[in-house]
Amino acid sequence: MANLTVTAASVEALPTSAQKTGIAGETITAGQPLYYSAADQRYYKASSTTATTANAAGIALNGAAAAQPIAMLTAGPIDIGATVTVGEVYVVSDTAGSIAAEIDSLEGEFITVLGVGVTTANINVAINASGIAHAAIA
């Protein structure tokens, strides 16, 4: 799966976006999708490899070390710090903490839609964690 190349220093929440905070469970970089672990009540890099890790809660707005505060965007527009395609659907990648185009998803990956490209730099985030693995294309 081809991942976006995110420049962490360029990640920015845009007006009207919804945000929340939490505690990082590992080292996080701005622009990484995160999932919540109920086991220790911390946020980790999301990955499409399992239904649990694909269940994204938001996209990191800042970097943080483990056990440090993390802010994340949960809905609305974000300058993701990468070049995106207008109209493209973006999802949690199979690489932990990465974002990819949905069209690059492979069989068996759990699909969590993060949002849609609305400009060449911005994604309108509307997270939908399906809990469903991508089926084979006939």
Side-chain angles (χ1 to χ4, degrees):
M1 174 177 290
N3 298 320
L4 292 181
T5 302
V6 175
T7 301
S10 298
V11 173
E12 178 184 3
L14 299 174
T16 72
S17 65
Q19 301 172 36
K20 69 179 175 181
T21 60
I23 303 297
E26 63 183 328
T27 300
I28 304 293
T29 302
Q32 293 182 316
L34 306 176
Y35 77 94
Y36 178 75
S37 171
D40 63 2
Q41 301 176 340
R42 295 182 182 213
Y43 290 89
Y44 294 86
K45 297 172 198 168
S47 165
S48 66
T49 56
T50 72
T52 299
T53 61
N55 189 11
I59 298 174
L61 292 172
N62 63 284
Q68 296 301 308
I70 188 80
M72 67 200 90
L73 184 136
T74 57
I78 186 171
D79 182 334
I80 198 61
T83 301
V84 300
T85 301
V86 175
E88 183 71 66
V89 175
Y90 289 94
V91 298
V92 171
S93 171
D94 60 349
T95 303
S98 294
I99 298 171
E102 190 281 329
I103 197 155
D104 292 332
S105 297
L106 301 174
E107 181 179 356
E109 291 179 15
F110 289 83
I111 303 300
T112 296
V113 173
L114 295 172
V116 176
V118 292
T119 72
T120 57
N122 300 339
I123 295 174
N124 187 36
V125 175
I127 298 172
N128 181 354
S130 72
I132 305 296
H134 198 288
I137 298 173

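Computed from a prediction, not measured in an experiment: that's the story for all the values here.
Not one N or O on the side chain of T7 forms a donor-acceptor pair closer than 3.5 Å with the backbone of A9. Between the side chain of Y36 and the main chain of A56, no donor-acceptor pair closer than 3.5 Å is present. A side-chain donor-acceptor contact under 3.5 Å links T112 to the backbone of A54. Between the side chain of E88 and the backbone N or O of V116, no donor-acceptor pair lies under 3.5 Å. Between the side chain of S17 and the backbone N or O of L73, no donor-acceptor pair lies under 3.5 Å.
L4 and L114 fall within a single hydrophobic cluster, where Ile, Leu, Val, Met, Phe, Trp and Tyr are joined by side-chain heavy atoms under 4.5 Å apart, directly or via other members. No continuous path of hydrophobic side-chain contacts links F110 to Y44 [ILVMFWY only; heavy atoms under 4.5 Å]. Under the 4.5 Å side-chain contact rule for hydrophobic residues, V84 and I59 share a cluster.
Taking the side chain as every heavy atom from C-beta outward, Q32 and Y43 never approach each other to under 4.5 Å. Looking only at side-chain heavy atoms (C-beta outward), P77 and I123 stay at 4.5 Å or farther from each other. Side-chain contact between N122 and L14 is present, with heavy atoms from C-beta onward closer than 4.5 Å. Residues R42 and S37 are not in side-chain contact: their nearest non-hydrogen atoms beyond the backbone lie 4.5 Å or more apart. Using a 4.5 Å cut-off on side-chain heavy atoms (C-beta onward), K20 and M72 make contact. The side-chain heavy atoms of E102 and Y90, taken from C-beta on, include no pair separated by under 4.5 Å. At a threshold of 4.5 Å between non-hydrogen side-chain atoms, the residues I23 and Q68 do not count as touching. When side chains are defined from C-beta on, V91 does not count as touching I99, because their heavy atoms never get closer than 4.5 Å.
Rounding to the nearest 0.5 angstrom, the gap separating the CG atom in L34 from the CD1 atom in I70 is 6.0 Å. In this structure, the separation between CD1 on I111 and OG on S105 is 3.5 Å, given to the nearest 0.5 Å. A distance of 7.5 Å separates CD of Q19 from OG1 of T74, quoted to the nearest 0.5 Å.
The two atoms that bring A2 and A100 nearest to each other are O-CB, 3.2 Å, heavy atoms only. What you find for I28 and A60 is that their closest heavy atoms are CG2-CB, 3.6 Å. Nearest heavy atom pair, residue A24 against residue A65, reads CB-O, 3.5 Å. Residues G97 and P33 approach most closely at O-CD, 3.4 Å, considering heavy atoms. Residues S47 and A96 approach most closely at CB-CA, 3.9 Å, considering heavy atoms.
Donor-acceptor pairing under 3.5 Å is lacking for the side chains of S48 and D94.
Screening residues 51-63 for side-chain hydrogen bond (donor to acceptor under 3.5 Å, both in side chains), with sequence neighbours left out, gives T50-T53.
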Evaluate side-chain contact (heavy atoms from CB on, under 4.5 Å) for V11 paired with L61, printing each intermediate quantity in order. CA-CA 6 Å; V11 173; L61 292 172; 4.3 Å; yes
